[in-house]
Structures are given as structure tokens and as C-alpha cells.
Chemist: 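One structure, as C-alpha cells, below. Some questions next.
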Amino acid sequence: MKVIFVHHSCFVVEMEDVVLIFDYFEGNRVTGYTFTGVLPVFDKDKSIYFFASHKHQDHFDMNILKLAEDYEDIHFILSKDTKMSPNFMKKHGIPERAKKCIEYVIPDKKYEIGKVTVKTLRSTDAGVAFLVKTCGKTIYHAGDLHNWKMEHVGELINGKMERDYRYQIRKLEGEHINVAFVVLDPRLGEYTDLGFSYFMKNVEADYVFPMHMWQDYSAIEKYKQKCDNHLYTDRIMDIEKENQVFDMDNLK
């Protein structure tokens with residue numbers, strides 16, 4: 001299994017027969033940022049699965065649907081809030097075939113799609129988080145499911161946010177996750193690692209990739225220095241740049 005950090009919250013998980021791509025968007029879509037990640041060209045014989053956790057511009061790009069012309073066995077597993085009308089897709093050059101390859105998903109459901117089993121969690125922001133099982137592996141992608149605690153909103157809202165986040169994460173109890181992609185957003189200041197830390201302490205995951213860092217990867221080392229439990233920190237992957245490749249089979 002190979003993991004590619006494309007950019008922001010976009011990761012590729014490539015296995016022998018299956019490729020999973022989470023929350024891809026073209027790098028110039030977000031005002032004020034230039035993301036440089038690019039998607040590899042995949043083997044035509046592989047089954048390709050694109051996931052979009054919600055419709056925010058840093059998580060979804062409708063142009064992924066144009067790749068339906070390049071791959072025979074391709075699937076788009078999209079949060080229902082991304083749904084587009086047939087006329088809208090036609091206007092924007094989305095091929096007719098793509099429409100037959102889309103599965104719109106809602107929170108708290110289980111789906112069997114081709115070679116993958118997908119369970120969805122309800123995001124604390126928009127859309128869903130994904131728990132995907134395929135090829136004997138279990139992959140978790142949080143989307144924007146996070147404890148978005150903010151100084152200016154008050155304890156009433158922050159308290160509900162924390163309860164909602166913990167409630168969703170507890171749904172992962174009993175799951176052995178091989179690879180997890182979890183929010184660590186430095187914009188939250190002193191609360192940056194609040195949700196990330198809760199995940200590390202309460203979910204059994206072999207390897208955890210921080211994400212949603214807005215090209216500031218310093219939060220990873222800051223968390224590791226703050227946390228003195230090597231059982232947590234040894235599982236955290238060090239992301240340093242876009243287009244970074246991780247060979248999971250060679251990790252201890």
C-alpha cells in the first residue's frame with residue numbers, strides 16, 4: 001500500500017487493485033493559496049474511487065468527474081451536498097458516463113460500491129467522514145469532522161461542538177484502522193490539536209496522517225513535542241511537502 005499526500009486534505013491510497021482518492025481539488029481554486037499537488041496517472045486496470053466529503057472548494061472539484069473518460073472502472077462517492085443537476089453538469093462539460101458512476105452519500109449509512117465498503121459519519125461542519133474497507137485494509141478520512149473550538153464563539157457553541165465531535169468519533173470504537181487522515185488545523189491556535197488528540201487517544205489506528213494544515217506543517221512537530229506518549233507520536237506521519245509519497249509496506 002502506498003499513500004500520497006497530494007495537498008491540504010487530499011490523499012491517494014494506492015493498493016494492488018484499488019486506488020482511493022480523497023477530497024481532491026485543483027490547486028488554484030482557493031483564494032490566497034497555491035497548492036501544487038498533482039494526481040498521478042493510474043494503471044487502467046485498477047478500480048478508481050474518488051471521494052468528496054463535502055462541497056467546500058478545498059474538498060471538492062467537479063472536474064474530477066471528467067476522469068470518467070480516462071478510466072473504465074471508476075466510481076465517485078460524493079457527499080449529497082455536492083449534488084449537481086444533469087443540466088449543470090452538461091453545461092460544465094461533465095461526460096454523460098460520469099453520471100452513472102456517482103453515488104451520493106449521506107451521514108450514518110453503509111454502502112457497498114464495487115470493491116469497497118463505505119460507512120459514513122456525520123461531520124461537525126459539512127457533509128461526511130468516510131470509513132472505507134477494501135483489500136483487507138481499513139481507511140478513515142475525516143473530511144471536516146473535527147472539534148472546531150474557537151475563542152470567539154462562546155462556551156455554549158464550543159461545548160456542543162465538542163460533544164458532537166466525540167459522539168461521532170466514538171462510532172469508530174472497535175474498528176482497527178490501518179491508515180487515518182485526521183484534521184490538525186493551525187488556524188485554531190491553542191485549540192489546534194484538540195480534536196486530533198482526542199482521536200489519537202480513542203481510536204485504534206496504525207498510522208495517522210495530519211491534514212487540513214493550509215501548507216503549515218509545523219503543527220505536527222509542535223504536537224509531538226507537547227505529547228510525551230510515544231505510543232501516540234510514533235503513529236503520526238511527518239508531512240513535509242505536497243506530492244510526498246509514503247511506502248506503507250516498508251514502515252515498521
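The first residue of the sequence shown is numbered 1, and numbering continues consecutively from there.
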Chemist: Hey, is NZ on Lys46 packed in by over 12 heavy atoms from elsewhere, all under 6.0 Å?
Modeler: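 Atom NZ in Lys46 is crowded, with more than 12 foreign heavy atoms closer than 6.0 Å.
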
Chemist: Check this for me: Glu173, atom CD, are more than 12 non-hydrogen atoms of other residues, nucleotides or ligands nearer than 6.0 Å?
Modeler: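 Check fails, neighbour count at 12 or below.
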
Chemist: If hydrophobic clusters are built by linking Ile, Leu, Val, Met, Phe, Trp and Tyr wherever their side-chain heavy atoms come under 4.5 Å apart, do Tyr191 and Ile157 end up in the same one?
Modeler: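 Hydrophobic grouping puts Tyr191 with Ile157.
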
Chemist: Go through the steps for Val116 and Leu20 under the test side-chain contact (heavy atoms from CB on, under 4.5 Å), then give the verdict.
Modeler: CA-CA 10 Å; Val116 306; Leu20 314 176; 4.2 Å; yes

Chemist: State, to 0.1 Å, how close Pro210 and Ile239 come at their nearest heavy-atom pair, and which atoms those are.
Modeler: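 Residues Pro210 and Ile239, closest heavy atoms: O-CD1, 3.2 Å.
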
Chemist: What's the separation between atom SG in Cys10 and atom CG in Asp61, rounded to the nearest 0.5 Å?
Modeler: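 Those atoms lie 10.0 Å apart.
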
Chemist: Between Glu96 and Lys99 (salt bridge meaning N to carboxylate O under 4.0 Å), is one present in this structure?
Modeler: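 Answer for the salt bridge query: yes.
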
Chemist: Determine whether Phe22 and Met211 make a side-chain contact, defined as any pair of heavy atoms from C-beta on separated by less than 4.5 Å.
Modeler: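 No, side chains not in contact.
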
Chemist: Measure the shortest side-chain to side-chain distance between Glu151 and Glu190 over non-hydrogen atoms and say whether it is less than 4.5 angstrom.
Modeler: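 Yes, close enough: below the 4.5 Å cut-off.
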
Chemist: Without swapping roles, check the side chain of Ser197 against the backbone of Leu194 for a donor-acceptor pair under 3.5 Å.
Modeler: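 No; judged by distance alone, with no hydrogens or angles, the pair does not exist.
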
Chemist: Please state whether the rings of Tyr71 and Phe42 are parallel, tilted or perpendicular, taking 30° and 60° as the class boundaries.
Modeler: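 Tilted: the ring planes of Tyr71 and Phe42 meet at 30° to 60°.
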
Chemist: Picking from Phe199, Phe181, Tyr217, Phe196, what satisfies ring pair (Phe, Tyr, Trp, His ring centres under 6.0 Å) with Phe209?
Modeler: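 Answer to the ring pair (Phe, Tyr, Trp, His ring centres under 6.0 Å) test with Phe209 among Phe199, Phe181, Tyr217, Phe196: Phe181.
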
Chemist: Quick check, are the ring centers of Phe246 and Tyr207 under 6.0 angstrom apart?
Modeler: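 That pair fails the under 6.0 Å test.
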
Chemist: Which pair of heavy atoms, one from Ile21 and one from Val19, lies closest together, and at what distance?
Modeler: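 Smallest interatomic distance, heavy atoms only, reads CD1-CG1, 3.8 Å.
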
Chemist: Please examine the side chains of Met84 and Leu65, heavy atoms only from C-beta on, and report whether any two atoms are closer than 4.5 Å.
Modeler: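 Answer yes - side chains close enough.
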
Chemist: Roughly how far, to the nearest 0.5 Å, is NE2 of His75 from CD1 of Ile102?
Modeler: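 Ile102 atom CD1 to His75 atom NE2 measures 12.5 Å (nearest 0.5 Å).
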
Chemist: Whether the Asp81 and His54 side chains hold a donor-acceptor pair (N or O, under 3.5 Å, no angle test) is what I'd like checked.
Modeler: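 No, no side-chain donor-acceptor contact under 3.5 Å.
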
Chemist: Test question: given the 4.5 Å side-chain rule for I, L, V, M, F, W and Y, name all other residues clustered with Trp214, or answer none.
Modeler: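 Answer for Trp214: Phe25, Val30, Tyr33, Phe35.
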
Chemist: Output, in order, the C-alpha distance, side-chain angles, deciding distance and verdict of side-chain contact (heavy atoms from CB on, under 4.5 Å) for Val105 and Val118.
Modeler: CA-CA 9 Å; Val105 300; Val118 181; 5.7 Å; no

Chemist: Do Ile106 and Val128 land in one hydrophobic cluster if side-chain heavy atoms of ILVMFWY residues count as linked below 4.5 Å?
Modeler: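 Ile106 clusters together with Val128.
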
Chemist: Tell me whether Thr124 contacts the main-chain N or O of His146 through its side chain, where contact means a donor paired with an acceptor under 3.5 Å.
Modeler: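 Judged by distance alone, yes, a pair lies under 3.5 Å.
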
Chemist: A quick test of your reading: do over 12 heavy atoms of other residues, nucleotides or ligands sit less than 6.0 Å from CD of Glu103?
Modeler: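 Yes, enclosed.
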
Chemist: Between Asn178 and Ile139, is there a donor-acceptor pair closer than 3.5 Å when you use the side chain of the first and the backbone of the second?
Modeler: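 Judged by distance alone, no pair lies under 3.5 Å.
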
Chemist: Do the rings of Phe5 and Phe11 sit parallel, tilted or perpendicular, given the 30° and 60° boundaries?
Modeler: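 Ring orientation of Phe5 relative to Phe11: tilted.
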
Chemist: Any side-chain heavy-atom pair from Tyr198 and Asn147 closer than 4.5 angstrom?
Modeler: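 Not touching, per the 4.5 Å side-chain cut-off.
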
Chemist: What distance do Gln57 atom CD and Lys55 atom NZ have between them, rounded to the nearest 0.5 Å?
Modeler: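 One finds 12.0 Å between CD of Gln57 and NZ of Lys55.
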
Chemist: Taking all non-hydrogen atoms of both residues, which atom of Gly143 and which atom of Ser53 are closest, and how far apart?
Modeler: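 In this case the closest contact between Gly143 and Ser53 is CA-OG, 3.4 Å.
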
Chemist: Just to verify, which of His7, His56, His141, His59 counts as forming a ring pair (Phe, Tyr, Trp, His ring centres under 6.0 Å) with His212?
Modeler: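 For His212, the ring pair (Phe, Tyr, Trp, His ring centres under 6.0 Å) test succeeds with only one of His7, His56, His141, His59, which is His59.
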
Chemist: More than 12 foreign heavy atoms under 6.0 Å from NZ of Lys44: is that the case here?
Modeler: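 Yes, the 6.0 Å shell around NZ holds more than 12 heavy atoms from other groups.
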
Chemist: Quick one, Tyr232 and Val208 - any side-chain contact, counting heavy atoms below 4.5 Å?
Modeler: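 A side-chain contact under 4.5 Å is absent here.
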
Chemist: Among side-chain atoms of Asp206 and His176, is any donor-acceptor pair under 3.5 angstrom?
Modeler: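 Side chains of Asp206 and His176: pair found under 3.5 Å.
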
Chemist: Answer yes or no: is there a donor N or O on one side and an acceptor on the other, between the side chain of Gln215 and the main chain of Thr34, under 3.5 Å?
Modeler: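 Yes, Gln215 side chain to Thr34 backbone: donor-acceptor pair under 3.5 Å.
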
Chemist: Start with the C-alpha gap between Lys115 and Asp17, add the side-chain angles, then the distance that decides, and say whether salt bridge (Lys or Arg N to Asp or Glu O under 4.0 Å) holds.
Modeler: CA-CA 9 Å; Lys115 298 176 181 177; Asp17 299 318; 5.3 Å; no

Chemist: Starting at OG1 of Thr120, measure out to CG of Leu145 and round the result to the nearest 0.5 Å.
Modeler: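 Thr120 OG1 to Leu145 CG: 11.0 Å, rounded to 0.5 Å.
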
Chemist: Before you tell me yes or no, could you show the steps for Asn202 and Arg170 under side-chain contact (heavy atoms from CB on, under 4.5 Å), namely the whole-Å CA-CA distance, both residues' side-chain angles and the distance that decides it to 0.1 Å?
Modeler: CA-CA 8 Å; Asn202 291 277; Arg170 284 196 293 268; over 6 Å; no

Chemist: Shortest non-hydrogen contact from Ala205 to Ala180?
Modeler: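 It is CB-CB, 4.2 Å.
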
Chemist: Could you grab the distance from atom CG of Leu67 to atom CG of Leu39, nearest 0.5 Å is fine?
Modeler: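 Answer for the CG-CG pair, Leu67 versus Leu39, is 7.0 Å.
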
Chemist: Do Arg97 side-chain atoms and Ala68 backbone N/O form a donor-acceptor pair below 3.5 Å?
Modeler: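 It does hold such a pair.
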
Chemist: Is there a path from Ile113 to Val12 through hydrophobic residues (I, L, V, M, F, W, Y) whose side chains come within less than 4.5 Å of each other?
Modeler: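 No, separate clusters.
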
Chemist: Do Tyr49 and Val132 belong to the same hydrophobic cluster, where Ile, Leu, Val, Met, Phe, Trp and Tyr are linked whenever their side-chain heavy atoms lie under 4.5 Å apart, directly or via other members?
Modeler: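 Shared cluster, yes.
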
Chemist: Using a distance-only test with no angle check, is there a side-chain donor-acceptor pair under 3.5 angstrom linking Gln168 and Lys171?
Modeler: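 Their side chains do contain a donor-acceptor pair, which is all the 3.5 Å distance test asks for.
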
Chemist: What's the shortest heavy-atom distance between Val153 and Asn158, and which atoms?
Modeler: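 Here Val153 and Asn158 meet closest at CG2-OD1, 3.2 Å.
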
Chemist: Checking the side chain of Glu175 only, and the main-chain atoms of Leu172 only, is there a donor and an acceptor separated by less than 3.5 Å?
Modeler: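 Side chain of Glu175 to backbone of Leu172, a donor-acceptor pair under 3.5 Å: no, none is there.
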
Chemist: Linking I/L/V/M/F/W/Y whenever their side-chain heavy atoms sit closer than 4.5 Å, directly or via other members, would Phe50 and Leu131 fall into one cluster?
Modeler: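 Unlinked, Phe50 and Leu131 end up in two clusters.
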
Chemist: Do Lys2 and Asp247 pass the side-chain contact (heavy atoms from CB on, under 4.5 Å) test, and can you show the C-alpha distance, the side-chain angles, and the key distance before you say yes or no?
Modeler: CA-CA 5 Å; Lys2 179 171 68 175; Asp247 185 351; 5.6 Å; no

Chemist: If we ignore hydrogens and angles and just use 3.5 Å, is the side chain of Tyr24 paired with the main-chain N or O of Ile64 as donor and acceptor?
Modeler: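 Absent.
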
Chemist: Decide whether Asn87 and Ser85 meet the rule of one side-chain donor and one side-chain acceptor closer than 3.5 Å.
Modeler: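 On atom types as modelled, these side chains do not qualify, holding no pair under 3.5 Å.
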
Chemist: I need the minimum non-hydrogen distance between Arg235 and Val203, along with the two atoms involved.
Modeler: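 For Arg235 versus Val203, the nearest heavy atoms are NH1-O, 3.6 Å.
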
Chemist: Do the non-hydrogen side-chain atoms of Thr117 and Lys110 ever get within less than 4.5 Å of each other?
Modeler: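 Yes; the side chains approach each other to less than 4.5 Å.
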
Chemist: Using a 4.5 Å cut-off on heavy atoms from C-beta on, say whether the side chain of Asp58 contacts that of Arg29.
Modeler: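 Sidechains of Asp58 and Arg29: no contact.
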
Chemist: If you look only at pairs with a residue in residues 105-139, which of them pass as a ring-ring contact (aromatic ring centres under 6.0 Å, His included), with sequence neighbours excluded?
Modeler: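 The answer is Phe51-Phe130.
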
Chemist: Would you check if Lys91 and Phe88 make a side-chain contact, meaning some heavy-atom pair closer than 4.5 Å?
Modeler: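 Lys91 vs Phe88: side chains apart.
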
Chemist: Hey, does the side chain of Asn243 reach the backbone of Thr36 with a donor-acceptor pair shorter than 3.5 angstrom?
Modeler: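 Between the backbone of Thr36 and the side chain of Asn243 there is a qualifying donor-acceptor contact (under 3.5 Å).
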
Chemist: Could you state the interatomic distance from CD (Glu72) to SG (Cys101), rounded to the nearest 0.5 Å?
Modeler: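 Interatomic distance, Glu72 CD to Cys101 SG, rounded to 0.5 Å: 8.5 Å.
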
